[in-house]
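Everything below concerns the one structure shown next.
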Amino acid sequence: MLINHHPFQVNQHGHLEIGGLDTIMLAEKYGTPLYVYDVAMIRKNARTFVHTFKELGVKAKVAYASKAFSTIAMLQVAKQENLYLDVVSEGELYTALKAEFPTDRIHLHGNNKSIEELTMAIDHNIGCIVVDNFHEIDLLTRILQEKNKKADVLMRVTPGVESHTHDYIMTGNEDSKFGFNLQNGQAEAAFKQLNQHEAIHLKGLHCHIGSQIFETEGFVRTTDILFNTLADWKEKYDYTPSVLNLGGGYGIRYTAEDKPLPYDTYVKDLVKAVEHHVSKLNIAMPEIWLEPGRSIVGEAGITLYTIGSMKEIPGVRNYISVDGGMTDNIRPALYQAKYDAVIANRANKPVTREVTVAGKACESGDQLIKDLPIPEVESGDILAVFSTGAYGYSMASHYNRFTNPAVVFIEDKKDKLVVRRETYEDVVRNDLSYE
Ligand code: LLP
């Protein structure tokens with residue numbers, strides 16, 4: 001039985017399963033809160049992107065946006081799936097190096113890359129640096145000159161497309177801290193600097209219009225805008241890109257309200273749009289690079305919590321509190337993101353009431369889910385929240401000095417601890433005494 005549209009089964013004990021294993025067994029074995037991932041699902045998502053390009057006969061690179069969920073084990077899975085990797089910081093790059101991710105398959109992003117970050121990227125010969133601003137051009141060219149090295153780069157541009165998503169995560173519009181503006185001439189000025197620099201190989205353009213996007217029109221519109229510019233630069237500078245990186249942003253299902261498109265639809269519509277412009281311009285088809293993050297890991301992850309206190313406010317609201325919350329999933333508090341969940345040990349019981357799921361942080365806004373329909377529950381029951389695989393662990397905090405939960409991977413019906421639960425010793429590790 002599929003549960004609430006989510007790709008998970010319920011076993012004969014009425015317990016939710018993930019990857020064929022009983023979530024109650026996992027909660028007992030590893031404790032809660034616990035992030036659990038179905039690795040087969042991660043691989044399936046990755047392969048959908050890669051295979052669709054293959055089927056279409058289009059040269060492509062699919063880079064996993066590791067900000068969605070970066071751990072050594074996850075990056076090893078990405079490596080095994082022959083993905084490329086998008087990193088945005090020294091920390092993400094360091095994790096990739098620890099996972100022995102081939103450095104030529106790593107791309108570096110960031111709107112304020114430090115000298116240290118750029119140096120680390122250049123020293124490790126990473127595959128591509130996505131240049132974001134004029135300051136970075138200065139730093140990068142200086143470092144390349146000092147080291148007598150060359151770099152492959154893409155230039156990040158902001159096409160001015162508004163994606164239909166939450167304001168906080170809209171990065172492709174004109175008022176953006178990211179990239180060179182296409183409308184006001186900054187992109188062209190940067191292009192001239194990069195294209196003529198002897199230590200830089202400008203492979204093409206990058207843009208990312210937003211995240212959790214459910215239609216392909218925004219992406220198609222973006223390619224129209226990019227090709228307007230490219231047509232101009234072809235005429236003026238005889239420039240044709242060998243790469244077009246169209247970022248990530250493909251929407252996933254958090255609740256029944258979300259209607260995600262199959263991932264191959266994004267790939268097919270994007271390729272069609274690029275092919276259309278390529279034939280109009282009469283240039284060679286560039287390689288298409290994508291950077292999916294959420295769509296690879298989001299639905300593959302769930303979080304298990306133990307229910308503790310319950311509070312009824314007659315005529316107002318009923319609360320159930322869990323042993324985690326905004327420290328392991330900041331998205332409801334930060335973006336008003338909606339989630340769906342079940343009582344994992346009563347997954348086949350009829351729902352009888354609605355509750356608000358509160359976290360345990362000292363903050364009224366620490367509420368994970370409003371008005372969740374559930375069956376009768378007791379303290380000690382396990383709540384499983386769906387689609388927490390992206391931007392959950394990676395955005396976790398230590399507010400109230402909570403320890404970050406453990407992460408378990410499930411594959412071939414076997415469970416494997418891939419991030420151990422933090423200890424209080426970990427929490428105070430960097431504290432120094434003042435007496
Ligand atoms: N490429 C670039 C340049 C990006 O900035 C992002 C996400 C991605 C790729 C991956 O996007 P995805 O496929 O995961 O949608 N913390 C927010 C999401 C921030 C996204 C930032 N950039 C959230 O929890 O919704």
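All residue numbers in this chain count up from 1 along the given sequence. Keep in mind the model is a prediction, meaning the values are calculated, not measured. Both counts, for ligands and for their atoms, begin at 1 and track the order of listing.
Of all atoms in ligand 1, numbered sequentially from 1 with element shown, those under 4.0 Å from a heavy atom of G249 are 11 (O), 12 (P), 13 (O), 15 (O). Contact atoms of ligand 1 toward H206: 3 (C) (distance under 4.0 Å to a heavy atom of the residue). Of all the atoms in ligand 1, the ones that sit under 4.0 Å from a non-hydrogen atom of H109 are 3 (C). The A65 neighbourhood of ligand 1 comprises atoms 8 (C), 9 (C), 10 (C), with distances under 4.0 Å to a heavy atom of that residue. Shown in contact with G293 at under 4.0 Å from a heavy atom are these atoms of ligand 1, numbered in order with element: 12 (P), 13 (O), 14 (O). Shown in contact with G248 at under 4.0 Å from a heavy atom are these atoms of ligand 1, numbered in order with element: 9 (C), 13 (O).
The shortest N or O to N or O distance between A68 and ligand 1 is not below 3.5 Å. Here's the thing with Y391: one of its N/O atoms is less than 3.5 angstrom from an N/O atom of ligand 1. Backbone and side-chain nitrogen or oxygen atoms of E291 are examined, and one is located within less than 3.5 angstrom of a nitrogen or oxygen of ligand 1. For the pair S295 and ligand 1, the shortest N or O to N or O distance does not fall below 3.5 Å. Every N/O-N/O distance between G210 and ligand 1 stays at or above 3.5 Å. Note: no N/O pair closer than 3.5 Å links R156 and ligand 1 by distance alone.
The backbone N or O of A390 lies less than 3.5 Å from no partner atom in the side chain of S394, so there is not a single donor-acceptor pair.
Contact annotation for H208 and ligand 1: only side-chain heavy atoms (C-beta onward) come within less than 4.0 Å of the ligand. If you look at Y335 next to ligand 1, the close heavy atoms, those under 4.0 Å, all belong to the side chain. Residue D86 touches ligand 1 through its side chain alone, judged by heavy-atom distances below 4.0 Å.
With contacts defined as side-chain heavy-atom distances shorter than 4.5 Å, the pair I106/L108 does not qualify. Using a 4.5 Å heavy-atom threshold, the side chains of K79 and F101 count as touching. Between S70 and L75 the shortest side-chain heavy-atom distance falls below 4.5 Å. In this structure the side chain of L230 reaches within 4.5 angstrom of the side chain of L205, judged on heavy atoms. A heavy-atom distance below 4.5 Å is not found between the side chains of V342 and H6.
Ligand 1 is approached by P292 to a heavy-atom distance shorter than 4.0 Å.
Y64 and F49 have their aromatic ring centers separated by at least 6.0 angstrom.
Neither side chain, N112 nor K177, offers a donor N or O lying under 3.5 Å from an acceptor on the other.
In plain terms, the two heavy atoms of S66 and L85 that are nearest each other are CB-CD1, 4.0 Å. In this structure, A406 and R421 approach most closely via the heavy-atom pair CB-N, 3.5 Å.
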